[in-house]
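As structure tokens, the structure follows; a few thoughts come after it.
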Amino acid sequence: MPPGRILPRSFYARPTVEVARALLGKVLVHGPAAGVIVEAEAYLGDGDEAAHSARGRTARTAVIFGPPGHAYVYLIYGMYHCLNLVAEPDGHPGCVLIRALEPVSGLEEMRARRGAPCRPENLASGPGKLTLAMGITLAHNGVDVTCGPLVVREPAKAEPAPEILVTPRIGITRAAHLPLRFLLAGARIPPARRYNGPSSR
DNA sequence: GGTAGGATGGGCT
DNA sequence: GCCCATCCTACCC
């Protein structure tokens with residue numbers, strides 16, 4: 001299972017939607033734990049009222065305005081963390097929320113960190129679940145994901161262009177209709193996380 | 001199969 | 001104070 005090369009900064013220095021789509025099928029790696037990204041959402045810098053960057057640069061959101069290829073991690077509902085990867089050129093806000101992984105290695109570490117008994121497909125099938133399973137915390141806010149302990153790699157073997165499903169984003173109230181959630185069509189998604197509304201490619 | 005409610009803390013008005 | 005880019009449990013079909 002030797003994974004491919006680490007994604008370079010140029011991968012992230014593009015429009016956020018492009019980065020979100022391109023991240024599907026790539027492998028998030030943290031120590032022995034790794035998983036294929038199967039679900040992601042784009043949060044835009046331009047007029048996206050749902051994005052944390054929408055109301056300007058603050059101490060918390062500064063990372064989103066910084067150079068691409070860095071992690072934006074924040075605490076949600078007082079108990080879970082969410083991982084984003086910063087896109088767009090330096091100075092332009094935009095990030096991609098990583099919403100689900102398909103675990104490929106380090107399953108035992110993930111299970112130990114999750115605590116709750118769960119099947120492999122539920123280990124990292126949500127933004128809060130995957131940060132817990134991967135051991136990602138606020139300590140990772142701002143870290144460079146083109147080097148260091150937390151990285152994103154090409155998959156071990158090159159895949160054909162994946163089929164991508166596009167739907168509205170989940171769990172937000174503002175700008176809730178925008179088609180900015182992207183899923184790998186072949187991914188195994190738990191029933192409760194499926195989407196039955198209209199979708200496109 | 002589905003959903004309602006609660007846990008829990010930082011950021012911002 | 002209020003608002004969350006969530007998850008799990010309990011309970012009800």
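In the text below, chain A, chain B and the rest are named by the order of the sequence lines, each starting its count at 1.
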For A:Asp90, is the CG atom crowded, meaning more than 12 foreign heavy atoms sit under 6.0 Å from it? yes
Tell me: CG of A:Asn141 to C1' of B:dG11, nearest whole Å? 14 Å
With the criterion set at under 5.5 Å between ring centres and under 30 degrees between planes, would C:dT6 be stacked on A:Tyr77? yes
Which atom of A:Val63 lies closest to which atom of A:His70, heavy atoms considered: CG1-CB, 4.4 Å
Counting the atoms with a prime plus P, OP1 and OP2 as sugar-phosphate, which does A:Gly78 contact under 4.0 Å by heavy atoms, base, sugar-phosphate, or nothing? base
Check which hydrophobic residues are tied to A:Tyr43 through side-chain heavy-atom contacts below 4.5 Å, counting indirect links as well, and list them. A:Leu97, A:Ile172
What is the separation between atom CD1 on A:Ile136 and atom P on C:dT6, rounded to the nearest whole Å? 16 Å
From CZ of A:Arg169 over to P of C:dC4, roughly how many Å is that when rounded to an integer? 13 Å
Check the distance between C:dT6's P and A:Ile98's CD1 and give it to me in whole angstrom. 14 Å
Interatomic distance where CD1 belongs to A:Ile76 and P belongs to B:dG6 [whole Å]: 19 Å
Taking only heavy atoms on the protein side, list every residue of residues 84-92 of chain A lying under 4.0 Å from any atom of DNA chain C, sorted numerically. A:Asn84
d(CD, A:Glu41; C1', C:dT6) in whole Å: 12 Å
Secondary-structure string, 5' to 3', Watson-Crick or G-U under 3.5 Å, | for another-strand partners, for DNA chain C: ||||.|||||||.
Same cluster (ILVMFWY, side-chain, under 4.5 Å), A:Ile98 and A:Leu184: yes
Test: A:Arg14 cationic atom under 6.0 Å from A:Tyr12 six-membered ring centre, within 45° of axis: no
Within the 3.5 Å criterion, strictly below it, is a donor on A:Tyr72 or A:His52 matched to an acceptor on the partner's side chain? yes
Between A:Ser105 and A:Pro32, the two heavy atoms sitting closest are OG-O, 3.0 Å
CE of A:Met79 versus P of B:dG5: gap in Å, rounded? 17 Å
What is the separation between atom CG on A:Leu83 and atom P on C:dT6, rounded to the nearest whole Å? 14 Å
Taking only residues two or more places apart in sequence or in another chain, which ones pass side chain to side chain contact (heavy atoms under 4.5 Å, CB included) with A:Thr131? A:His81, A:Leu83, A:Ile136
Look at A:Arg99 and C:dT6 and indicate whether a side-chain polar atom (N or O) is within less than 4.0 Å of OP1 or OP2. yes
From the set C:dA5, C:dC7, B:dG9, return the single nucleotide nearest to any side-chain atom of A:Leu75. B:dG9
If you look only at pairs with a residue in residues 168-180 of chain A, which of them pass as a side chain to side chain donor-acceptor pair (under 3.5 Å), with sequence neighbours excluded? A:Asp48-A:Arg169
Minimum heavy-atom distance between A:Ser53 and A:Ile64, given as atom pair plus value: CB-CG2, 4.1 Å
Selection: residues 49-65 of chain A, any non-hydrogen atom under 4.0 Å of DNA chain C: A:Ala50, A:His52
When A:Val27, A:Leu23, A:Val145 are each screened for side chain to side chain contact (heavy atoms under 4.5 Å, CB included) with A:Leu7, the one that passes is A:Leu23
With a 3.5 Å distance limit and no angle check, can you tell me whether A:Asn141 reaches the backbone of A:Val73 through a side-chain donor-acceptor pair? yes
